[in-house]
Amino acid sequence: MREVLTTEALAFVASLQREFGATRERLLTARAERQRRLDAGERPDFLAATRAIRDDPTWCVAAAPSDLRDRRVEITGPTDRKMVINALNSGARVFMADFEDANAPTWENMVLGQANLIDAIERSIALDTPEKSYRLDAEVATLVVRPRGWHLPERHLRVDGAPVSASLFDFGLYFFHNARRLLDKGTGPYFYLPKLESHLEARLWNDVFCFAQDRLGIPRGSIRATVLIETILAAFEMEEILYELRDHSAGLNAGRWDYIFSIIKKFRSWDDLLLPDRIQVGVTVPFMRAYSLLLVKACHARGAHAIGGMAAYIPSRSDAGVNETALARVREDKVRESADGFDGTWVAHPDLVPIARAPFDERLGERPNQLDRLRPDVAVSAADLLDFTVPGGSITESGLRNDVSVGLQYIASWLRGSGAVALFNLMEDAATAEIARSQIWQWWRHGGRLAEGAAVTPELVRRIEDEELARVRQAIGDAAYAAGRFDDARRVLEQVALDDAYAEFLTIPAYELLTGGTP
C-alpha cells in the first residue's frame, strides 16, 4: 500500500477535495431539491435554458485517441489482480476497471486495486496460484477506470476533518500515479464517469480534469471520459453532458440496469408506476428503446462514441442447453445494438467477448466505428422517455422471490468484500441489486399484487426472506452461513426495501457496516 498512499499522492487528493468539495456538496444538495420537486409532481423535460447547445450544429467533441477509436467490445470487472489480468487478456478492445458498482469499497480493495492497476500499466502484474499462473499477453485491452460516483464518501481518508469524496479519491490516486506513465506508453488516462444526473455534474468533472492536468503538468485534453447515461434525468441532458466535457469526452454509454433503478427511485411517488418483474423490463420495451436510440443520435451528432449495454450472462460449465438459449439472446442483443448504430458494447465475462464481437465485426468490417451514422430518423420526445408501460408485464411470485434472493445474496457478498457476484448464471453488481430492492419497495409501497393473486406486503417479503435464507443455509452449512454475513445482509435489505422512507442508495447504509458502524 505504501506505493499508492505516498505523501505526494495524498496531498494531491487533498488538493482536489479542497478545490472541489464544496461544489460537490452543492450539487448533491441540488439533487435532493430536485427530488423534492419530482415528489411534488414535476415531470422532467429537455432544458429550455440549454436549448442553444442542442440546436447548435457546429460543435463536436475532441477526436478519439488512437487506442479508443475502436471499442467494439468492452469488458468490465473489479480491480482484483486475477480479474485485471484476465480482462486485459480477454480479447476485448477495452477493459473498464471498476472501483464502483462491481467493487465492494473495503480499504484493502480500494488501495490494492490502485496498486494492481499501476502494476498492469508497468506490465509487472502477475499472479501464481496452485492451479495456474497468470501473466499479461503481448496485446492487451485499453485500460479505462471507473471511479465511484459523486454521492459516495471515502471514510478512510479525511481532509480538514471530513471524509474525502470517493470520486476524487479514486480519480486522484489513479491520475497522480499513472497519467504520465500512460502518456509515455502511447495511451492516456481514460475514465468512465458513473451516476451523473445533470450537465452541471459533468461540468464539475471537467473542472477537476483541467485542475488535475494543470497541477501535474499534463497537457489538457489528455484525459478522456465516457459518461454512463444511467439516470433518467441525465437522459434529458445527453448533449449538454457531451458539451461540458467536449475537450475530454470519449462518448456515452447506455448503463441500462442503473437506468431502470433510477426510474423507480426518481419517480417513487408515482402511485401508478409499477414496473413488472426485472426480467420483463428488457431493452426492447418502448421507453428503453427511446433512451437507447436517443443516445446514439446524440453521440453521433457530436462525433462521440455510443457504447451499448451490458451482457451479464455467465456461461454455465455444466448445462449446454442453458448456454445455447442464453448465448442466442446475447447475440440477438448485440445484433440489435450494432444495427441501431452503437459503436461498441459491454460484456461481463471473457467467454462472451467473441459472441458480442461477431455482430460488430459483421457490421463494421475494417471500420473502427460507425460515427458517420447520424440517425436523423430518430425523434424522441420527453413523453417517450417517460412512458413506462411494459406491454404484457406482470409482477410474479418468482420475480419477487428472485429480487429477494439476489438482494440478500448480493449484499452479503458485498459485505464480505466482493462486489461482483455470479448468481443464477448472471453477473450481479450493485446496479442489479438496486433494481431488486427498489422493486420490492415499489411493489409493497404502491399496492402491487402478484399475478398469482397475493398482495405484495412486508410480511410476504419477510416470509420469502426466511425461505431463501434457509435454502442458503442448507446449501452451504451452518458455519459458512454464520461467517457469510447473511443476517447483516437481511438487516440492510429490510432497511432499504421495507422502510417507509426510500433510501437513495443501498450502498450508503451497507458502507456503514463495511467500515465498522451500524446501518
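Only this structure's heavy atoms are used, side chains among them; waters, hydrogens and symmetry mates stay out. Residue numbers count from 1 along this sequence.
- The CG atom of Asn253 sits 8.5 Å away from atom CE of Met310, with the distance rounded to the nearest 0.5 Å.
- Taking each heavy atom of Leu274 and Gly448 in turn, the nearest pair found is CD1-CA, 4.0 Å.
- A donor-acceptor distance shorter than 3.5 angstrom exists from the side chain of Arg268 to the backbone of Lys265, with no hydrogens or angles considered.
- Note that CE of Met110 and CG of Asn103 are 5.0 Å apart. Values are rounded to the nearest 0.5 Å.
- Between Trp257 and Ile260 there is a side-chain heavy-atom pair separated by less than 4.5 Å.
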* **ring pair (Phe, Tyr, Trp, His ring centres under 6.0 Å) between Phe267 and Phe388, worked out** => CA-CA 11 Å; Phe267 307 126; Phe388 302 126; 5.7 Å; yes
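- Donor-acceptor pairing under 3.5 Å is recorded for the side chains of Glu240 and Thr50.
- Counting only distance, with no hydrogens or angles, the side chain of Thr345 and the backbone of Gly309 share a donor-acceptor pair below 3.5 Å.
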* Given the rule in the side chain to side chain contact (heavy atoms under 4.5 Å, CB included) test, do Leu493 and Arg437 qualify, once you have shown the distances and angles that lead to the verdict? -> CA-CA 7 Å; Leu493 181 62; Arg437 67 93 180 186; 3.8 Å; yes
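- Glu201 and Lys195 are not joined by a salt bridge, as no carboxylate oxygen comes within less than 4.0 angstrom of a charged side-chain nitrogen.
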* **Full working for side chain to side chain donor-acceptor pair (under 3.5 Å) between Gln409 and Ser413** => CA-CA 6 Å; Gln409 294 189 69; Ser413 177; over 6 Å; no
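- Salt-bridge formation is detected for the pair Arg463/Glu467: a Lys NZ or Arg NE/NH1/NH2 atom is positioned less than 4.0 Å from an Asp or Glu carboxylate oxygen.
- Using a 4.5 Å heavy-atom threshold, the side chains of Arg34 and Glu197 count as separate.
- A donor-acceptor pair shorter than 3.5 Å cannot be found between the side chains of Thr29 and Arg26.
- Taking 4.0 Å as the cut-off between side-chain N and carboxylate O, Asp119 and Arg81 count as a salt-bridged pair.
- A side-chain N or O of Gln213 and one of His248 form a donor-acceptor pair less than 3.5 Å apart.
- For the residue pair Phe95 and Thr76, the shortest heavy atom distance occurs at CE1-C, 4.2 Å.
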* To do: Using the side chain to side chain contact (heavy atoms under 4.5 Å, CB included) rule, take Ile440 and Val404 through it: C-alpha gap first, then chi angles, then the decisive distance, then the call.
  => CA-CA 8 Å; Ile440 296 168; Val404 170; 3.8 Å; yes
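- Looking at Leu460 and Leu450, their side chains come closer than 4.5 Å, going by heavy atoms from C-beta outward.
- Using a cut-off of 4.0 Å between Lys/Arg side-chain N and Asp/Glu carboxylate O, Arg462 and Glu494 are scored as salt-bridged.
- Remark: Arg203 CZ to Leu196 CG distance equals 12.5 Å, nearest 0.5 Å.
- Taking all atoms of both residues into account, the shortest heavy-atom contact from Pro163 to Pro153 is CB-CB, 4.1 Å.
- In summary, the side chains of Ser15 and Glu19 do not present any donor paired with an acceptor at a separation below 3.5 Å, with no hydrogens or angles considered.
- Counting non-hydrogen atoms of other residues, nucleotides and ligands closer than 6.0 Å to CD of Glu33 gives a total above 12.
- Between Thr79 and Asp98 the shortest side-chain heavy-atom distance does not fall below 4.5 Å.
- Annotation for Trp205 and Pro147: closest pair CH2-CG, 4.0 Å, computed over non-hydrogen atoms.
- Counted by atom type alone, Tyr502 and Ser438 present one or more donor-acceptor pairs between their side chains at under 3.5 Å.
- Side-chain atoms of Ser398 and Thr396 form a donor-acceptor pair, as typed in the model, at a separation below 3.5 Å.
- Of all the heavy atoms in Ala212 and Phe175, the pair that sits closest is O-CE2, 3.5 Å.
- Glu154 places a side-chain N or O within donor-acceptor distance of the main-chain N or O of His156, the cut-off being under 3.5 Å.
- Arg256 and Ser292 form no side-chain donor-acceptor contact under 3.5 Å, judged by distance and modelled atom types alone.
- Note on ring orientation: taking the six-membered ring where Trp is involved, the planes of Trp346 and Tyr192 are perpendicular (angle over 60°, cut-offs 30° and 60°).
- In this structure, Tyr259 OH and Ile229 CD1 are separated by 9.5 Å, a value rounded to the nearest 0.5 Å.
- By the 4.5 Å heavy-atom criterion applied to side chains, Leu514 and Thr106 are counted as neighbours.
- Using cut-offs of 30° and 60° on the angle between ring planes, the pair Phe209 and Phe171 is tilted.
- Crowding of Tyr243 atom OH: a count of heavy atoms from other residues, nucleotides or ligands under 6.0 Å not exceeding 12.
- With rounding to the nearest 0.5 angstrom, the CD1 atom of Ile508 is 9.0 Å from the CG atom of Leu506.
- Tyr481 carries Arg473 over the face of its six-membered ring, with the cationic atom under 6.0 Å from the centre and within 45° of the normal.
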* To do: Could you walk me through whether Trp150 and Leu204 pass side chain to side chain contact (heavy atoms under 4.5 Å, CB included), step by step?
  => CA-CA 10 Å; Trp150 282 130; Leu204 175 56; 3.5 Å; yes
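- Residues Phe191 and Tyr174 bring their aromatic ring centres within 6.0 Å.
- A distance-only check finds a donor-acceptor pair linking the side chain of Arg416 to the backbone of Gly484 [under 3.5 Å].
- Atom CD1 of Ile264 and atom CH2 of Trp270 lie 12.5 Å apart (nearest 0.5 Å).
- For Tyr313 and His349, the distance between ring centers is not under 6.0 angstrom.
- Residues Asn116 and Ile85 are not in side-chain contact: their nearest non-hydrogen atoms beyond the backbone lie 4.5 Å or more apart.
- Between the side chains of Glu434 and Tyr410, not a single donor N or O lies within less than 3.5 Å of an accepting N or O.
- When all heavy atoms are compared, the tightest approach of Ala9 to Leu173 is CB-CD2, 3.9 Å.
- In this structure, the side chain of Asn109 engages the main chain of Gly417 through a donor-acceptor pair within 3.5 Å.
- A salt bridge is absent between Glu468 and Arg490; no separation between the charged side-chain nitrogens and carboxylate oxygens falls under 4.0 Å.
- Using cut-offs of 30° and 60° on the angle between ring planes, the pair Phe20 and Phe211 is perpendicular.
- A cation-pi arrangement is absent between Lys266 and Phe261 under the rule of less than 6.0 angstrom and at most 45 degrees off the ring axis.
- A side-chain contact (heavy atoms from CB on, under 4.5 Å) with Trp444 is found for exactly one of Leu498, Thr457, Leu400, namely Leu498.
- Look at Asp488 and Arg491 and you find a salt bridge, because one of the NZ, NE, NH1 or NH2 atoms lies within 4.0 Å of a carboxylate O, short of that distance.
- Side-chain contact between Glu504 and Arg31: absent, with no pair of heavy atoms (C-beta onward) separated by less than 4.5 Å.
- Taking a cutoff of 4.0 Å between a charged side-chain nitrogen and a carboxylate oxygen, Glu100 and Arg146 qualify as a salt bridge.
- Side-chain atoms of Val496 and Trp441, non-hydrogen and from C-beta on, never get closer than 4.5 Å to each other.
- Within a 6.0 Å sphere centred on CD of Glu25, other residues, nucleotides and ligands contribute more than 12 heavy atoms.
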* Go through the steps for Arg71 and Thr142 under the test side chain to side chain contact (heavy atoms under 4.5 Å, CB included), then give the verdict. => CA-CA 9 Å; Arg71 304 173 62 178; Thr142 297; over 6 Å; no
